[in-house]
Structures are given as structure tokens and as C-alpha cells.
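Working notes for the structure below.
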Number of protein chains: 2
Amino acid sequence: MDQSPPRNTSVTVADVAHKAGVSKATAARVLGGYGTVSDRVREAVTAAARALDYRPNELARSMTTGRSGTIGVVVGDIENPFFSLAVRGITDVARQAGFTVILINSGEDVPAEKAAIRTLLAKRVDGLIVSPAKESDVEHLREAIRSGLPLALLDRGSDTLDVDTVIADDRHAAEGVTRRLIALGHRRIAYLTACDTPDHRFRTAADINTGSVRRRIEGFLGVCREANLDGMEDWVHVGAVTPEHTHRMAAAMLRTPQRPTAIIASDSLIGLEVFKVCRELDLGIPGDLSLVSFHDADWTSVTTPPVTVVRQPVYGLGETAAKLLVERLNGKAGAANRIVLRTEVVDRASIADARV
Amino acid sequence: MDQSPPRNTSVTVADVAHKAGVSKATAARVLGGYGTVSDRVREAVTAAARALDYRPNELARSMTTGRSGTIGVVVGDIENPFFSLAVRGITDVARQAGFTVILINSGEDVPAEKAAIRTLLAKRVDGLIVSPAKESDVEHLREAIRSGLPLALLDRGSDTLDVDTVIADDRHAAEGVTRRLIALGHRRIAYLTACDTPDHRFRTAADINTGSVRRRIEGFLGVCREANLDGMEDWVHVGAVTPEHTHRMAAAMLRTPQRPTAIIASDSLIGLEVFKVCRELDLGIPGDLSLVSFHDADWTSVTTPPVTVVRQPVYGLGETAAKLLVERLNGKAGAANRIVLRTEVVDRASIADARV
DNA sequence: TTGAAAGCGGTACCAC
DNA sequence: GTGGTACCGCTTTCAA
């Protein structure tokens, strides 16, 4: 007897139908789980399918139904703990709702982001979750929307795009930490971000295209103005795009006589690098420098001293965006939701009075 | 004049062909970039495509060609920095080779892994990169191979699976750190891993189904035996599956009078948790406890003291696996490659003499 | 060089 | 309940 497993060079509905002695249409009904079939036939078809090791071809299915069961996700960089956690939130919700996730990194580069969207559209994803690299450059997203594709924005909104958006209350968080630093007597407070401008210099918040970061800087500058601190724009440093860049920038900044007495790091990667530079320069935290970082990365609680951070609901950000998208995918209509999740400052021990 | 953008409810080759006044076949040839066409016709078709805002349907294309331009990746958990870095390596290579990546988390759960593979097969990915949760349970992978799908194994091999495999020299690394600890006088050395056994107790390395970890434990036990340390099996603790579990285990272990004088953490998540527990219990590192962790996570260099780690070429692991897969995808035949990448111990300050 | 037509593997509509 | 069949959008012979 031939014991070898059936050579499964793609067993099709037709094959199963043939073996079960029914029509292709009938076999398709039981295999696809739609329509009505008699129990007898159902069993026969099921048995035949098992014997032949039938595997549905999702591609073919998608082509006729128009649904691919896939959602496309475009983020800046999965390597950043912020995004990997958010992506986790997304995939958890997606899987539970029966969707698969295709993940593409944009590297915070608009052309790459455009290419990613194009690829995703070509693959006929059912919906899109994007963390736009630049809020000002979203024509490609607008196009996607126009073509009827549900889209949800993650961590970064867009005033001109009327779509479901989930962000954190970054401005409020930035205001809080800035106020606190000022209250402690700090006047030379630097804000360090990966976001870049064409000439790598900061002039006004409007130059910052990453929404979440722009809002933080607006909050920071706003509070400074309230406190009659002028020209704080000079203390905003952009372009900390890699650990190496960050390291160089932080070192340069901290070596000057008029060095900042406090630094606000826009993400945990930057916070970490600043921490390292302080070690190298033998600057005490918080004695010589107060440090606050956005993102409650896991390591921030074990350093000496532990780092005061802005805790964002990162997992929730992804989770919520995915939930909104899934709802749309299930046909929910209605105006775009703009959800703002609360942040919280986790007080640890990296900030102190400014030595005047 | 009607200025509104063309309603692009899926513009097809036929539409473009019609507008350009050529046959569907001809339009398809220029749109798909194959066959030969006259320049005149090419231009006409191109113009028509642009005017209509034609977007190829990859799904349909894949269905006829049988290639989807997609590679499926199944890892334990993207949230683990180890995997997110490896995935980065994979996606970088994949994108450069023109492939898109579909990422699925298995949560180190075999049933989930099986489901993931099934999904990926149904989506007709061109190839697979998997980090098998259990090396002993790979029937689903064998099936994938049988159906002709190129597969590459990441970080965890399988003796019974004859496929391209990329791992790190975990055994060697474990031997090195164990030797060093023993030389420093340590006798009570604990090994802590997330891998679990049915009854959450460790007896023999054969119980460990995650290849990379099994090899490390084998190395650890081997060196212990060489040094005439017996019964070290009792010092291997399994089931540190979440930070909470790890915390509990570490705390319990470190509160006993016969507590270990050294701990080897199987990944950075575990290392971090051990570090936290020491803080809570007011145990000095390395005074009261020596700590070595696998994975050179970014935070390990900023703690006090900085942590001695085994640096694995994580990005390279992903990169290499993807390269091997892409080669197969491009038709390369030949025996399976088994690549072992070198690790290195990064000496920092978390280990010291055992207080006897 | 170009066109007509046959699939790919499903789904879905319409008779029987 | 079941079978026949026309698609879905693209690729790919095969002729002209």
C-alpha cells in the first residue's frame, strides 16, 4: 500500500470535490463554511479534505471576497521599545479579531513610508495603522483614505486628516515636567529629540513634524514663557537620530560652561544615552544634572539613581488604535475618533534642585 | 471640466488597456514589465495608467505567479529586545531583496506557533523564518518543508530538521561564564531561564526544548561536572516566563540561607528582574551576588554596577537567516547550512570573588 | 509586436 | 440541498 503522504502540490477545492464525489460548489460550501449542506455530504467532504490534506488558498479567497484578513502597520522603528510595545498591543487585538499583521518599518523616513503604504495597498490589506513620520506630509495617507481604506493613526495625529487617531497627552506631560523643573530652580533646561529639521537647528515648534514631539515642545516652551524664561528655543536640540548622534550632542552640550542643569529626553533611547554621557563626564545625577525621560522603559527603575520618567500608556496606544480599526473593518461608520490617553509622571530620583 | 480625481474603485489592467486603446494582454505586458512592447504602445499605456491612477493588485498577481513576495516570520515575542533586534535584521535584508515581512508572535506557545504557520501557509508566503518554541515539536515545520516552502531556523535549531539554521555558540558562551564564576570561587551558581517544563522543575537538560537554552544549560552543567560540582541540576530554575514570575522566583531563591552566590540569567529580561530583586533585598552586586546575563541589552552598561553579559550577534542572527532564505528563494539549491555565530563575554563589574 | 483566450483557486448567483 | 458557471485581476501560452 502506498503509505506516502499525499503529494500536496496544492490540493484545491476541485480535488476535494472530486474525491468526495460532489460538485465543486458543494465542496466549496463546506470548506468555506458558508451556505447549507447536508450532514452526509459535509462529512464526506471533510473526510476527503483531510485525506488530501487540503489547505485553503487565502490568496484566492481574498481575491474574490476583496478582504485579505490582514492589517498593515507602519511604524518608525520596531527596535525602539516604544514601538515594539505598541505593536504588541496592536497584534494582540488583531489576532483576537482574526486579523494578521504585516509590519513595515519606515525608519522615520517619508519616502520609505510612502513605499510601505504603496506595498500595503498593493497587497490589499483591509486596514492600516500608521505612525506618520511627518504630520505635514500625509498625501499618501490621504490617498489611502480616498481609496476607501480604513486608517488609524498611532501616537501622531494630523489636523488635516480626518481619521481615527490615538495619541497620548504629550503636551500636558511636557508641561508638567517643565513646571516641576522650573519650580526646582532650573533655568537652563534642554529638550533633546530625535526629530530633525533640514538644517538640524531648532527655531520654532512648527518646524517639528512629528506631532507627539511637537506637542511636547510646545508644552515645554509654553510653560517656560509663562515663567518668563525667554529664548528657550535655543535649548531645544533636534537630530538625536541614533545613539551615536545623541551621544555626541549630549557630550558637546554638557561640556560647555553654560551647560544645562536639566535635560528632558524625548524617548528612552535618548535618556539612556544622556545617562551614559553623564557617567563618562563624571557628572552626578541629579547633583550636577537633573534628567527626565519620556517612556517608562524597563531599565529606568534600576539605574543609580533611578530615572524620573513620563509613563505613556504605550501598549494601550496600540491596543486602542487596533480596536478602532477593527471596528471600522466590521463596518462601523461615524465621525473619526480622536482619543487622547493620559500619561503620568513616575517620580524617581533623577531630578533635584538646581544649584544656582 | 471634471477636475475630481478618478474614482479609483480598483482600476484594472482592462481599464487601462481600454483607455490606451490596446488589448488587455498588451497593457498587462507594460504594466507588469514583461514581454516586449513597442515604445509607442508603452507610452500610451503608461499615460493611461497614470491618468487612471492604476495600482497593480498584488493578490491577483501572486495568484497567477505563485509568488507573493512575502516572507513569514514567527518569533517568541517581539517585545523581547532580543527578538526585536533580530527582526530588524530580517526586515532590513528582506526589504533590500524586495520582500515584505509578515510577523507573527507565538508567545513561545506551540499551538500558537502551529496556527501561525498555518496562517502563513494559507497566505502563501514565499518562505519562512521561525524561532521554534520547542525543538521537539516541529511536525508542523516538517510539513511546511514537505510542501516545498523554504524555511530558515533562527536562534534555535533542530537536529531532526534538515534546514538552514543560524544560531549563536550558546554552549561555548555558557561554558566560558561558568568557568569564570567557578574560578572566582563560586559553588552555588543558579541558572535562571524562561523555558519551562511540565512540572516547572528541572531534572536534565533534555527536558529543555528551546535549543539555545538547552545548549547553554548543557555547557553550564558540563563545566560544573568538570569542576567536580555535583547536583548542579538543582540550581537550574525554569519557568521565569514573565517579569512577575521571575521576580517571585528570584526573591524566593535569594531569601534562603543557602542562596546562590552567583546567578546566570538566560536573557536580559530576567537579568533585569534579578537586578531589581537585589535592590529590594538590599543585596549588593557583586558583593553579595555575582550576576551574568545573556544578551547585551542597552541598559546593562548604565546600572551600578554595570552588568557583565554575553553579547550575542543578535542583529546578525536575523540578518544571516534572512540572507540564507533569500538565497533559497532565488533558487539556490544545496545542503542545509548550519551557521553558528560567535558570542563574546563583555566584562563589566557585576561579578566578583565568592565570599566563602 | 500584438491579441485572444485559458487558467490560478476560490466565491456566489441562479437554476434545478 | 446541490450543481453549473460566471467572475475576481493578472499572467501566460499560442496564433496572427
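Worth knowing before you read on, the calculation uses all heavy atoms, side chains too, and leaves out hydrogens, waters and symmetry mates. What you see is a predicted model, and the numbers here were worked out from it, not measured in a lab. We name chains A, B, ... by the order of the sequence lines, and we start the count at 1 in each one.
Remark: B:R61 engages no residue in a side-chain hydrogen bond (donor to acceptor under 3.5 Å, both in side chains) (not counting sequence neighbours). Not counting sequence neighbours, the partners of B:R88 by the side-chain contact (heavy atoms from CB on, under 4.5 Å) test are A:D77, A:E79, A:N105, B:T91, B:D92, B:Y315. Listed by chain and number, the residues in a side-chain hydrogen bond (donor to acceptor under 3.5 Å, both in side chains) with B:E108 are B:R156 (sequence neighbours excluded). For B:R142, the salt bridge (charged side-chain N to carboxylate O under 4.0 Å, His left out) test picks out B:E139, with sequence neighbours left out. Not a single side-chain hydrogen bond (donor to acceptor under 3.5 Å, both in side chains) links B:T119 to another residue, sequence neighbours left out. With sequence neighbours excluded, the residues satisfying salt bridge (charged side-chain N to carboxylate O under 4.0 Å, His left out) with A:D39 are A:R42. Contacts of B:K123 classified as side-chain hydrogen bond (donor to acceptor under 3.5 Å, both in side chains), with partners at least two apart in sequence or in another chain: A:T70. B:K134 meets the side-chain contact (heavy atoms from CB on, under 4.5 Å) test with B:V110, B:S136, B:D137, B:N209; sequence neighbours excluded. Judged as a side-chain contact (heavy atoms from CB on, under 4.5 Å), and not counting sequence neighbours, B:A47 has no contacts.
B:T12 comes within 4.0 angstrom of the backbone, heavy atoms only, and of no base.
Where the helix from C:dT1-D:dA16 to C:dC16-D:dG1 starts and where it ends, the local axes point in directions that differ by 40°; five pairs per end, rounded to 10°.
A heavy-atom distance below 4.0 Å to DNA chain D is reached by these residues of residues 17-29 of chain A, ordered by number: A:V22, A:S23, A:A25, A:T26, A:R29. For DNA chain C, the residues of residues 59-66 of chain B within the heavy-atom distance limit of 4.0 Å (strictly under) are B:M63, B:T64, sorted by number.
Taking only side-chain nitrogens and oxygens, A:S38 never comes nearer than 4.0 Å to OP1 or OP2 of D:dG1.
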